[in-house]
Trainee: 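Provided herewith is a single structure, encoded as structure tokens, for subsequent inquiry.
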Amino acid sequence: MLDMKFIRDNLDETDRRLRTRGGESLLDGFRELDEKRRTLLKEGEALKALRNSVSDVIGRTKDKSQVQDKILEMREVSQKIKVMDEELNQVDEQMNSFMLTVPNLPHASTPIGSSEQDNVLVRSWGEPKQLSFAAIAHWDLGENLGILDFERGAKITGARFTLYRGAGARLERALLNLMLDLHTDAHGYQEVLPPFMVNRDSMQGTGQLPKFEDDLFKLVDPDFFLIPTAEVPVTNIHRGEILKKSDLPISYCAYTPCFRREAGSYGKDTRGLIRQHQFNKVELVKFVHPSESDAALETLTGHAEKVLQLLELPYRVMALCSGDIGFSSAKTYDLEVWLPGQSCYREISSCSNFGDFQARRASIRFREDEKAKPEFVHTLNGSGLAVGRTLVAILENYQQEDGSVMVPKVLRPYMGGLERITLPN
RNA sequence: GGAGAGAUGGCCGAGUAGGUCGAAGGCGCUCGCCUGCUAAGCGAGUAUACUGGGAAACCGGUAUCGAGGGUUCGAAUCCCUCUCUCUCCGCCA
């Protein structure tokens with residue numbers, strides 16, 4: 001959420017910056033609504049002030065018959081207040097739901113652009129592997145090796161669900177452990193294991209609601225949602241809190257499964273593990289002092305990159321343009337890993353600085369010093385990494401001409417020493 | 001699932017025949033004094049949001065005692081609904 005006062009004082013500039021996201025104005029009607037709200041507020045509060053002071057007099061008067069006329073008068077005032085409050089509530093609600101649908105301001109360093117095409121290459125690491133034979137896509141590799149069973153996944157649940165078996169299941173678990181160990185031991189994150197379902201307030205705190213309910217899996221009875229990313233429960237750890245400045249920065253990493261409806265992506269990536277309704281991810285989340293968030297995005301992105309480097313998977317870093325960054329994000333770097341089976345780079349991590357956008361929604365604050373007013377922290381997060389897609393990258397990059405797949409050296413201790421996943425006899 | 005208890009400020013904890021309660025007291029914290037260290041002592045201060053005025057310091061208004069609604073001139077205090085926490089019983093990975 002943006003700061004209402006900031007919008008009020010900088011309406012044109014805010015509008016201009018928001019337009020870089022998609023062109024259309026996102027602030028229509030703000031001024032009228034804001035003025036209406038403040039007028040109602042002012043009038044209502046004046047009446048309440050009157051009622052409070054007169055009620056005080058009534059309270060002090062022992063003989064109520066002396067103030068009978070005042071009581072009658074206040075009865076009418078209270079009626080008026082009630083009417084005005086109702087109107088104000090409506091306006092407040094309108095304002096609130098309006099504010100919740102306004103996306104974050106793009107960061108000054110976010111490239112201006114309208115689509116994916118305008119994303120900017122920041123750097124790349126490793127050479128895209130040129131295989132000496134025809135690359136096989138991971139879905140075929142996985143099925144041939146008997147480690148990915150798409151048919152049975154679909155039978156058990158439906159499309160975009162997959163059954164992992166044997167070395168495949170082990171490989172997924174190995175990746176999880178490698179990532180968690182790296183981020184906790186080497187990068188200083190505290191591991192957390194949060195709930196995989198969250199309530200509506202949490203979804204609103206990080207920005208998934210109210211706008212993107214269609215993308216979520218929702219429970220029928222309690223009003224809970226399956227998390228689409230660990231960002232939601234982990235960022236909401238500190239919802240409604242005032243943190244100590246000395247606690248910052250706070251760095252969490254978490255493994256969770258992620259559940260996404262993928263509505264609107266029918267026909268896209270229908271084969272393989274790239275786009276699933278359920279996938280595993282290790283997420284990095286930071287709460288930092290506002291002056292630190294720019295630098296924190298760089299280090300956080302570096303932490304995600306480190307996983308790819310350890311696995312020796314070629315990748316590139318893209319700065320998303322204003323038209324491509326997410327609703328809550330001010331600045332985003334995507335890590336894209338090279339996939340020989342598709343001869344292209346595919347997103348494997350998304351690292352974002354949200355500025356104070358999520359912190360304002362979720363009310364996560366700190367004090368500069370003991371007496372200072374609370375200020376909003378800045379929040380960041382990034383995938384470190386999407387595990388399913390990492391497994392895809394390993395299968396495709398480490399595939400051998402005989403159809404087997406080498407296990408990256410760094411993973412072998414996690415795989416019971418296994419060096420190669422071979423075809424079943 | 002059944003029975004009961006409870007939710008007050010950073011923490012603990014008063015406050016139920018409705019008014020002078022944004023809320024006693026204690027702890028913690030901040031500033032000052034005192035004490036040649038430490039501790040103790042003394043004094044003052046110490047919630048948040050919105051809103052009006054002011055360059056600012058700051059001053060004023062409104063709201064908030066789990067959430068929402070009701071009764072009333074007036075509610076932390078009465079009534080209703082919901083949520084959460086705790087205890088006991090049952091069930092269970």
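The figures that follow rest on heavy atoms only: side chains count, while hydrogens, waters and symmetry mates do not. Each chain gets a letter, A, B and so on, in the order its sequence line appears, and its residues count up from 1.
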Trainee: Hey, which of A:Thr332, A:Thr379, A:Asn381, A:Asn104 is the one that makes side-chain hydrogen bond (donor to acceptor under 3.5 Å, both in side chains) with A:Ser352?
Mentor: A:Thr332

Trainee: Using atom CZ of A:Arg75 as one end and atom P of B:rU72 as the other, report the distance to the nearest whole Å.
Mentor: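 Atom CZ in A:Arg75 sits about 8 Å away from atom P in B:rU72.
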
Trainee: Round to the nearest Å and state the distance from A:Leu72 atom CG to B:rU72 atom C1'.
Mentor: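 Checked: the CG to C1' distance equals 13 Å.
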
Trainee: Rounding to an integer number of Å, can you tell me how far A:Gln79 CD sits from B:rG74 P?
Mentor: 9 Å

Trainee: One thing to verify: whether A:Asp15 and A:Arg19 come together as a salt bridge, which I'm taking to mean a side-chain N less than 4.0 angstrom from a carboxylate O.
Mentor: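 Salt bridge present between A:Arg19 and A:Asp15.
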
Trainee: Is a salt bridge present between A:Arg17 and A:Glu13, judged by a nitrogen-to-oxygen distance below 4.0 Å?
Mentor: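 Salt bridge present between A:Arg17 and A:Glu13.
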
Trainee: Is the shortest distance from a Lys or Arg side-chain nitrogen in A:Lys48 or A:Asp85 to a carboxylate oxygen in the other one below 4.0 Å?
Mentor: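 Yes, charged N to carboxylate O under 4.0 Å.
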
Trainee: Do the non-hydrogen side-chain atoms of A:Phe287 and A:Leu248 ever get within less than 4.5 Å of each other?
Mentor: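 They are in contact (side-chain heavy atoms under 4.5 Å apart), so the answer is yes.
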
Trainee: For A:Lys64, does the NZ atom sit with more than 12 other heavy atoms under 6.0 Å from it, leaving out its own atoms?
Mentor: yes

Trainee: So which protein nitrogen or oxygen atoms get under 3.5 Å of nucleotides 45-49 of chain B's nitrogens or oxygens?
Mentor:
unit_1 : atom_1 : unit_2   : atom_2 : d
B:rU48 : OP1    : A:Arg367 : NH1    : 2.5
B:rU48 : OP1    : A:Arg367 : NH2    : 3.3
B:rU48 : O3'    : A:Arg365 : NH1    : 3.1
B:rA49 : OP1    : A:Arg365 : NH1    : 3.1

Trainee: Over all heavy atoms of both residues, which pair between A:Ala362 and A:Arg239 is shortest? Give the atoms and the distance, please.
Mentor: O-CG, 3.2 Å

Trainee: Could you list the protein-to-nucleotides 61-65 of chain B atom pairs, N/O on both sides, closer than 3.5 Å?
Mentor:
unit_1 : atom_1 : unit_2  : atom_2 : d
B:rG61 : N2     : A:Glu45 : OE1    : 3.0
B:rG61 : N2     : A:Glu45 : OE2    : 3.2
B:rU62 : OP1    : A:Asn52 : ND2    : 3.2
B:rA63 : OP2    : A:Asn52 : ND2    : 3.3

Trainee: Calculate the interatomic distance between A:Asp56 atom CG and B:rG18 atom P; express it in whole Å.
Mentor: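 Interatomic distance, CG of A:Asp56 to P of B:rG18: 17 Å.
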
Trainee: Starting at the 5' end of RNA chain B and moving along, which residue's nearest nucleotide shows up first, A:Ser78 or A:Lys82?
Mentor: A:Lys82

Trainee: Would you mind reporting whether A:His138 and A:Leu339 have side-chain heavy atoms less than 4.5 Å apart?
Mentor: no

Trainee: Should A:Lys5 be listed as having a side-chain N or O under 4.0 Å from OP1 or OP2 of B:rU51?
Mentor: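 Affirmative; the distance criterion is met.
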
Trainee: Can you tell me the distance, in whole Å, between the CD1 atom of A:Ile7 and the P atom of B:rC50?
Mentor: 13 Å

Trainee: Does A:Gln309 have any side chain to side chain contact (heavy atoms under 4.5 Å, CB included) partners at least two apart in sequence or in another chain, and if so, which?
Mentor: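 If we apply the side chain to side chain contact (heavy atoms under 4.5 Å, CB included) test to A:Gln309, skipping adjacent residues, the hits are A:Trp125, A:Glu305, A:Lys306, A:Tyr315.
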
Trainee: Does A:Asp356 reach the main-chain N or O of A:His378 with its side chain, forming a donor-acceptor pair under 3.5 Å?
Mentor: no

Trainee: Can you name the atoms? Protein N/O to nucleotides 52-54 of chain B N/O, anything below 3.5 Å, with the distance.
Mentor:
unit_1 : atom_1 : unit_2  : atom_2 : d
B:rG52 : OP1    : A:Arg38 : NH1    : 3.0

Trainee: What pairs of donor and acceptor atoms, side-chain ones from residues 208-220 of chain A against any protein atom, are under 3.5 angstrom apart with sequence neighbours left out?
Mentor:
unit_1   : atom_1 : unit_2   : atom_2 : d
A:Gln208 : OE1    : A:Thr206 : OG1    : 2.7
A:Lys211 : NZ     : A:Thr101 : O      : 3.3
A:Lys218 : NZ     : A:Asp223 : OD1    : 2.8

Trainee: Report yes or no: does A:Gln399 contribute a side-chain atom to a donor-acceptor pair with the main-chain N or O of A:Glu396 at less than 3.5 Å?
Mentor: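 Such a contact is found between A:Gln399 side chain and A:Glu396 backbone.
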
Trainee: Tell me, what's RNA chain B's dot-bracket, Watson-Crick or G-U with both distances under 3.5 Å, | for other-strand, [ ] crossing?
Mentor: ((((((((.[[[..)...(.....]]]((((((.......))))))(((((((....))))))).[[[[[..)....]]]]])))))))....

Trainee: Could you go through A:Arg271 and A:Asp140, starting from their C-alpha distance and side-chain angles, then the distance that decides it, and tell me whether this counts as salt bridge (Lys or Arg N to Asp or Glu O under 4.0 Å)?
Mentor: CA-CA 10 Å; A:Arg271 300 196 70 184; A:Asp140 289 330; 3.8 Å; yes

Trainee: Could you tell me how far B:rA24 sits from B:rU83 if I compare only their P atoms? Round to whole Å.
Mentor: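 Comparing P positions in B:rU83 and B:rA24 gives a spacing of 33 Å.
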
Trainee: Please state how far atom CD1 in A:Ile81 lies from atom P in B:rC73, giving the value in whole angstrom units.
Mentor: 12 Å

Trainee: Classify the nucleic acid contact of A:Lys62 as base, sugar-phosphate or nothing, counting any heavy atom under 4.0 Å across all strands shown.
Mentor: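 No contact at all - A:Lys62 keeps every heavy atom at 4.0 Å or more from the nucleic acid.
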
Trainee: Starting from C1' on B:rG74, measure out to CG on A:Leu47 and report it in whole angstrom.
Mentor: 15 Å

Trainee: Roughly how far, to the nearest 0.5 Å, is CG of A:Asp334 from CG of A:Leu320?
Mentor: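 A:Leu320 atom CG to A:Asp334 atom CG measures 4.0 Å (nearest 0.5 Å).
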
